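Below is one structure, written out as C-alpha cells; the observations come after it.
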Amino acid sequence: MNYLKKRVIKVNRASGIISYINGPVVKGENMASYTMREMVLVGEKKLIGEVISIENGIGTVQVYEETEGLSLGGEIIATGKPLSLKLGPGLLGNIFDGIQRPLKKIEEIEENFIPEGVGLISLDFEKKWDIRITIEIGDILKPGDVYAVVQETKLIEHRLMVPMGAEGKVVKRTKDGSYNLDKTVVKLEDKTGREFELKMYTEWPVRVPRKIKERMKISKPLITGQRVLDIFFPIAKGGTVAIPGGFGTGKTMTQHQLAKWSDADIIIYIGCGERGNEMTDVLEEFPKLIDPKSNRPLMERTILIANTSNMPVAAREASIYTGVTLAEYYRDMGYHVAIMADSTSRWAEALREISGRLEEMPAEEGYPAYLPSRLAEFYERAGYVKNLNDSEGSVTIIGAVSPAGGDFSEPVTENTKRFVNAFLALDKKLAYARHYPSINWLNSYSGYVKILEDWYKENVSLHVMDLRNDMMQLLHEEAKLADIVQLVGEDVLPDSQRLILEIAKIIKVGFLQQNAFHKEDTYVPIMKQFLMLSLIKYLYDQADKGIKKGIPISKVKNAELFDKVVKVKYTVPNDELRLINNITNEIDEFYEELYRKYEQVEV
Amino acid sequence: MIKEYLNIEKIEGPLIFLKGIEEAKYGEIIEINLNNKEKRLGKIIKIEKDLVVAQVFEGTSGMSTENLSVKFTGNPFEIRINKDILGRIYSGVGKPIDGGGEIYSGKKYSINGRPINPVSRKYPKDYIQTGISSIDLLTTLIRGQKLPIFSGNGMPHNELAAQIVSQARLSKSSTKKFAVVFTAIGVTKDDAAYFKDYFEETGAIDNVVMFVNYADDPIVERFSAPRCALTAAEYLAFEEDMHILVVMTDITSYCEALREISSAREEVPSRKGYPGYLYSDLASLYERAGMLKNKAGSITFLPILTMPNDDISHPIPDLTGYITEGQIVLSRDLTKSNIYPPVNILPSLSRLMKDGIGEGYTRSDHPDVANQLFSSYSKVINIRALAQIIGEDDLSEIDQLYMEFGRQFEQKFLKQEFTENRSIEESLEIAWEILRILPKIELDRLRDDIIKQFMT
C-alpha cells in the first residue's frame with residue numbers, strides 16, 4: 001500500500017471547532033475526547049498541531065505552522081496518536097524542519113518559500129534500500145534486537161531494531177534485497193500467537209525518551225581537535241556541555257567546529273531559531289568537508305534540523321526533542337552521537353512565547369516556571385549507556401546558550417549551569433580582540449577533567465593532566481598580574497613575573513587561539529596538542545632557569561625563538577610531529593649558549 | 001461573503017474590539033467605514049470566541065462605537081507592485097505621498113511574505129563597496145547580508161546611511177542593476193526631508209523607493225511600513241533580478257510600537273516590557289534578506305537602530321544582534337572627538353565577510369590586514385587605559401608606538417569626509433601606512449608572504 005495515501009489518519013471522532021486564535025496558540029470547543037499531546041490537523045489547510053491542554057471540553061493546541069488565515073469555526077481533526085517521528089534509513093545527510101519534515105521535499109512542493117499545510121511528510125517512502133536480514137527463522141527476538149542492516153551511507157550502517165512492544169519467534173523473513181521502507185521484512189509471533197510485522201522503519205513519539213538497559217560510567221573523551229577543549233576543558237562521550245556567549249562571540253563558529261571535527265560517529269545539528277544563512281553555510285560546506293578518519297564527506301554522518309528564526313515558533317519548541325530522539329535512535333544501534341543545539345535560548349524563548357500566549361503566570365523575566373524542569377529533561381537524555389541489545393552507545397549534548405545582553409546571570413544560563421557538567425564561557429573581550437575560539441579559560445570549567453584522567457594517561461601521556469594543571473595555574477597567575485600591570489605598568493614587576501606574562505602570551509596566542517580557516521590548524525590531533533603544550537612548558541622551564549641565575553628578562557627572552565614556538569601551530573604539519581624536536585633543540589642551543597656566556601662573565 | 005458589522009464593543013488606543021462575529025480569519029484585513037465617509041484599514045490580531053480584536057492602521061481618532069461599520073475582506077494585507085515604484089515615495093501602508101498616482105497594474109503581494117526555505121537559499125559571497133574604510137575593510141558588507149547599524153540619539157547614523165546609499169557599489173564582477181529601498185519608521189519630518197533632499201541632490205533618487213512613516217503617523221503603520229518595503233524589495237530582487245539594498249531606520253521606533261500594542265492587548269511582558277515574541281517578530285523582518293539559488297537578485301539589509309541610553313545589552317540591539325549577521329556599532333566617544341564615521345570597530349563584526357573578501361573578491365591581503373587592525377587596535381585600548389594612570393611618557397617604547405598607531409588609525413583610517421568615496425585599494429593602502437608604525441614583530445596576524453608583498 002502506498003504509505004502517502006494513509007498519511008492523514010482520521011479518527012472517527014467529532015471534530016473540534018476553532019474558537020480562539022492567538023499566534024501559534026489555537027483553542028477549540030468540543031474537544032473533551034482529545035488526549036494530551038495528541039497530534040491534530042487544524043483548519044482548512046490541515047496545519048499540524050499538538051494538544052497541550054484540555055479544560056471543560058476546550059482544547060488548547062499549539063500549531064507548528066503559520067496560523068495566519070485560519071478561520072473562526074474551522075475544524076480541528078484528531079489523529080489518535082501523539083506527534084511521532086519516523087525512524088529508518090534516509091535520515092543521514094538530510095535536513096529537516098522542527099517536526100522532521102524534509103526541507104528538500106518541501107522545496108519540491110513549493111520553491112523558495114515555505115508554504116503552510118504540506119502535511120506530515122518525513123522519510124522518503126519511494127526510495128529503495130538494499131537490506132540484509134541478520135536473523136533466521138526460529139530466532140527469538142526482543143525489543144532492541146537488530147533484525148536487519150542497511151548501508152545508509154558509506155560511513156554508517158543502519159541497524160533496524162525490533163520496536164518496543166514487539167517480541168517473539170521469527171516466523172517469516174524476506175530475502176535480502178532492495179525494498180522501500182513500507183516493506184514488511186520480518187514477522188514475529190509471540191507465545192500467545194500475536195503477530196508483529198517489522199518494516200524498515202519504526203515510529204516513536206517525539207517527546208518520550210527511548211528505553212535503555214542501563215546507564216554506564218562516563219570514561220571516554222569526545223576528541224574535538226580543538227586545543228582549548230581537548231587539553232584544558234575536555235568533553236566526555238555521553239556528557240553535557242553548555243556554550244554560553246553573547247552575540248558575536250563565536251558560538252556558532254565553535255559549534256560548527258565541533259560538528260566538523262569531533263570524533264562522534266553521528267552528528268545531529270539543530271539550528272534552533274538561528275539564521276537562515278548559517279544553515280545554508282552548513283548545507284553548502286559540510287558535503288565538501290572530508291572526515292579525517294574515513295575520508296568521506298562529513299555530510300554522510302550528519303543530520304541537520306533547521307528551524308530558522310522566522311519559521312513557526314512552536315516547531316522551534318519541538319525541534320530540540322526531534323533532535324534528541326533521532327540521536328537516541330542511532331545510539332540504540334551502538335553509535336556515539338553528538339548533538340549540537342544552537343541555540344537552547346531560542347528554544348527557551350519559544351517556551352516563553354507560547355506560555356505568554358497561554359496567559360500562564362510568568363516566573364523570572366517572563367519565562368514559565370517550568371523552564372528549569374524542561375531544561376533538565378533535555379540534558380538528562382544525554383549519557384553513555386548499555387542498549388537493550390547490549391551494544392554501547394552515547395549521546396553527548398552540546399547546547400549553545402545566548403544570554404540576553406551577554407549576562408550569564410539570566411534564567412536560561414543560570415538554570416542550564418545546574419544541569420551540565422562542562423561550561424565553556426565565551427568571552428566578548430576575547431572575541432573583540434579576535435581571539436578565537438573565545439573560550440574564557442578563567443570562567444570555564446569541565447567536570448570531566450578528573451573522570452577522564454585515566455583515559456588521557458593511557459592514550460596520550462602520563463603527564464598530560466599535570467601539564468594542564470601547571471599551565472592553568474600559570475594562566476591564573478597571569479590574570480592576577482595583569483591587574484597589577486593595568487595599574488602600574490609592566491616595568492615594576494620582578495623578572496620572574498614578567499616571564500610569566502611572556503609565557504602566558506605564548507600559551508594564549510600559540511596554543512589557545514586556533515585558526516578555524518587554516519588547513520593545519522582547524523583540526524589538531526591530541527598528540528600534537530600535548531607536544532605543543534609540552535614545548536611551551538619546556539621553554540618556560542629553560543627560561544626560568546636563566547631568570548633564577550639572575551640573567552635579565554631582556555636577555556632571556558629571545559623574540560625570534562619565542563615567535564617560533566608560537567608559530568608551531570602553522571609550521572609543524574599534523575603528520576610530521578618530529579619537527580617539534582628541532583625547536584626543542586634550538587631552545588637547548590640558545591639557552592646553553594646564553595648560560596655559558598653568562599657564566600664566563602661571572603668568572 | 002463580505003458582510004458588514006456594526007457591533008463595536010470597545011475602542012482602546014489603536015485597537016477595536018468587535019463582538020458577535022461568526023466568521024473571521026486570523027490576520028485578515030478589515031475595512032472600517034467611518035460615518036460612511038472615510039475608509040480605514042485594520043488587521044485582525046486576535047480571535048477569542050465571538051470577540052475579535054483588530055488593530056487600525058490609520059489610527060482610531062474620530063471613531064466611536066456607533067459611527068463605524070466593518071467589512072471583512074478575507075485577505076491578508078496586500079499591496080500592488082510593479083517596476084514603476086522606483087523613484088517613488090509611499091506611506092507606511094503603501095499609499096503614494098509624493099503627489100504621483102497609485103499603481104494599478106502589477107500583481108498583488110501579501111506584505112507578510114513567507115519564510116525562505118533554508119535549502120533554497122544561496123550563501124552570500126560577494127561584497128558591496130560602500131566607500132567607507134572602516135566598513136569596507138573591517139566589517140565588509142556582503143550582498144545578501146543583514147548588517148545593522150547600532151547607533152544612539154545624536155550620533156550621525158542618518159549621515160552614514162545617506163552616504164552608504166549614495167556611494168554603495170557592487171563589486172566589479174557584477175552586471176546586474178542595483179537599487180535601494182529606503183524605509184523610515186517613526187522618523188521626524190526633518191529627518192525624512194533630509195534623506196529625500198540628499199537623494200535628489202546626488203541623483204540617487206531614481207534608483208530609490210521610499211516608504212515613510214513619520215513620527216506622528218499612527219503607530220500601527222509602523223508595522224506595515226517595513227513589511228511593505230520588504231515586499232517591494234522581494235519583488236525587485238526576485239522577480240526583476242535586481243540587487244537591492246534595504247536601508248531601514250529606526251528599528252527602535254518599530255519595537256516601541258510593538259510594545260505599545262502589546263500592552264494595549266494586555267499581554268504578559270518579558271524583558272523591559274517588550275512582548276515575548278519580539279525576537280520572532282524582528283526575525284520575520286530581518287530574515288527576509290538573502291539570496292535564492294534559482295534567482296539572480298539579492299536583498300541586502302541595513303537596518304539602523306538607536307540604542308536606548310547607548311546600551312548595547314538593551315533588548316532591541318541584543319535581539320537584533322542575535323538575528324543579524326553582525327553589527328556596525330557607532331561610538332559616542334568617537335563622535336565627541338569629531339571622528340566621522342564614528343565606527344567602534346571592536347564590537348563591530350560582519351559574520352559573512354570571511355567568505356566574501358580576499359583573493360578573487362577584494363585583495364589577497366585583506367583578511368590578514370583586517371585581523372591585524374582588530375588585534376592591534378584592541379591593544380591600543382588597553383594601553384590607553386594604562387596611560388591614563390601612569391601617563392603616556394612612562395609607557396614602554398612599544399606601547400608609545402601603539403599610542404601613535406591608535407591616533408593615526410582614528411585620524412587617517414576611520415575619519416573620512418562625508419563625500420569621500422574610497423576604493424577598497426585606497427583603504428588598504430591607508431591601513432598599510434599606519435601598520436608600518438608598529439615593529440614587524442608586533443604584526444603577528446600577517447603572514448610572511450603578505451608582509452613581503454605589501455609592506456615595502
Side-chain angles (χ1 to χ4, degrees), chain A residues 19-23 66-73 95 103-104 106-107 111-115 247-248 273 275-277 279-281 283-284 306 308-311 313 346 349 352-353 355-356 359 362 365-366 402 404-407 432-434 485-491 509 517 559 563 566, chain B residues 21-28 46-49 76 112-124 144 267-271 275-277 279-280 283-284 287 290 292 294 313 315 318 321-323 325-327 346-347 349 352 354 371 374-375 378 385-386 389-390 394-396 441 444:
Chain A
S19 64
Y20 172 103
I21 309 168
N22 185 3
E66 177 56 54
T67 52
E68 191 155 304
L70 271 187
S71 318
L72 187 63
I95 176 166
L103 289 170
K104 284 193 188 122
I106 293 178
E107 196 190 25
E111 66 174 13
N112 298 335
F113 299 97
I114 296 178
F247 61 83
R275 306 173 180 90
N277 278 330
M279 291 318 295
T280 313
D281 190 16
L283 274 174
E284 289 186 7
T308 58
S309 55
N310 56 341
M311 283 158 79
V313 69
R346 302 293 158 243
E349 278 163 17
R352 175 168 72 183
E353 186 171 337
S355 162
E359 290 167 10
E365 289 196 18
S402 321
D407 170 15
Y432 284 0
R434 301 313 190 250
V485 172
Q486 217 26 271
L487 285 175
V488 292
E490 200 182 313
D491 295 343
V509 181
F517 304 108
D563 193 44
V566 168
Chain B
I21 308 289
E22 284 152 17
E23 273 180 57
K25 282 185 180 170
Y26 186 64
E28 81 174 294
K46 190 174 175 182
I47 299 176
E48 195 168 359
K49 287 189 186 141
N112 294 313
R114 273 178 168 166
I116 300 180
N117 190 333
V119 301
S120 309
R121 277 182 189 270
K122 181 157 73 187
Y123 190 66
E267 290 173 333
V268 179
S270 65
R271 261 204 304 161
Y277 49 81
Y279 181 82
S280 306
S284 74
E287 278 288 337
L292 295 174
N294 57 358
S313 66
D318 191 48
Y322 278 121
I323 306 165
E325 284 128 2
Q327 63 277 337
L346 294 181
L349 168 76
L352 300 183
K354 63 181 167 49
N371 237 328
F374 277 123
S375 155
S378 89
L386 178 60
I389 297 162
I390 61 173
D394 286 342
L395 291 177
S396 69
I441 184 78
D444 55 353

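Quick caveat, the model's predicted, so the values are computed rather than measured.
With chain B as partner, the option from A:Met279, A:Lys104, A:Arg275 having the largest number of non-hydrogen pairs under 4.5 angstrom is A:Arg275. The residue among B:Pro275, B:Gly276, B:Ser378, B:Ala283 with the most heavy atom pairs within less than 4.5 Å of chain A is B:Ala283. Most heavy-atom pairs under 4.5 Å with chain A, from the set B:Glu267, B:Glu325, B:Lys354: that is B:Glu325. Among B:Arg114, B:Arg271, B:Gln327, B:Lys122, the residue making the largest number of heavy-atom pairs under 4.5 Å with chain A is B:Arg114. Comparing B:Pro269, B:Pro124, B:Pro76 by heavy-atom pairs within less than 4.5 Å of chain A, the highest count is held by B:Pro124. Between chain A and the residues B:Ser284, B:Ala24, B:Ser375, the largest count of heavy-atom pairs under 4.5 Å involves B:Ala24. Per-residue counts of heavy-atom pairs under 4.5 Å with chain A were compared for B:Pro315, B:Gly27, B:Ala385, B:Gly321; the largest is that of B:Gly321. Listed options A:Glu359, A:Glu365, A:Glu66 were ranked by heavy-atom pairs under 4.5 angstrom with chain B; first place goes to A:Glu365. Of the listed residues (A:Asp407, A:Val485, A:Leu487), the one with the most heavy-atom contacts under 4.5 Å to chain B is A:Leu487. The most heavy-atom pairs under 4.5 Å with chain B, out of A:Gly73, A:Pro115, A:Gly366, come from A:Pro115.
The contact between A:Leu283 and chain B is made entirely by side chain atoms (from C-beta outward), counting heavy-atom distances below 4.5 Å. Both the backbone and the side chain of B:Ile323 come within contact range of chain A, with heavy atoms under 4.5 Å apart. Looking at B:Pro347, the atoms closer than 4.5 Å to chain A (heavy atoms on both sides) sit in the backbone and in the side chain alike. At a 4.5 Å heavy-atom cutoff, the contact between B:Ser313 and chain A is made by backbone and side-chain atoms alike. Interface remark: A:Gln486 contributes backbone and side-chain atoms alike to the contact with chain B (heavy atom separation under 4.5 Å). Contact annotation for A:Arg352: only side-chain heavy atoms (C-beta onward) come within less than 4.5 Å of a heavy atom of chain B. Both the backbone and the side chain of B:Ile116 come within less than 4.5 Å of a heavy atom in chain A. With a 4.5 Å cut-off on non-hydrogen atoms, B:Leu395 does not touch chain A at all.
Within the 4.5 Å cutoff, the side chain of A:Val566 has no heavy atoms near those of the B:Asp444 side chain. Taking 4.5 Å as the limit, every side-chain heavy atom of B:Leu349 sits out of range of all side-chain heavy atoms of A:Tyr432.
In this structure, B:Asn371 contributes its side chain and A:Arg434 its backbone to no donor-acceptor pair below 3.5 Å. Of the possible polar contacts, one joining the B:Tyr26 side chain to the A:Gly23 backbone as a donor-acceptor pair under 3.5 Å is found.
When the side chain to side chain contact (heavy atoms under 4.5 Å, CB included) test is applied to B:Glu48, the partners found at least two apart in sequence or on another chain are A:Tyr20, B:Lys46. The side chain to side chain contact (heavy atoms under 4.5 Å, CB included) test applied to B:Pro115 returns A:Ile114, A:Asn310, A:Met311, not counting sequence neighbours.
B:Pro118 approaches A:Thr280 most closely through the heavy-atom pair O-OG1, 3.4 Å. Taking both residues in full, the closest heavy atoms of B:Gly144 and A:Asn277 are given as O-ND2, 3.6 Å, listed atom of the first, atom of the second, then distance. The shortest non-hydrogen separation linking B:Ser280 to A:Val313 is OG-CG2, 4.0 Å. The two atoms that bring B:Ile47 and A:Leu72 nearest to each other are CG2-CD1, 3.3 Å, heavy atoms only. When every heavy atom of A:Asp281 is checked against every heavy atom of B:Tyr123, the shortest pair comes out as CB-CE1, 3.3 Å. Taking both residues in full, the closest heavy atoms of B:Asp318 and A:Ala404 are given as OD2-CA, 3.1 Å, listed atom of the first, atom of the second, then distance.
The side-chain hydrogen bond (donor to acceptor under 3.5 Å, both in side chains) test with B:Tyr279 singles out one residue from A:Arg346, A:Glu349, A:Glu353, and that residue is A:Arg346.
Side chains of B:Glu287 and A:Thr308: a donor-acceptor N/O pair is absent below 3.5 angstrom, by distance only.
Note that OG of A:Ser71 and NZ of B:Lys25 are 5.0 Å apart. Values are rounded to the nearest 0.5 Å.
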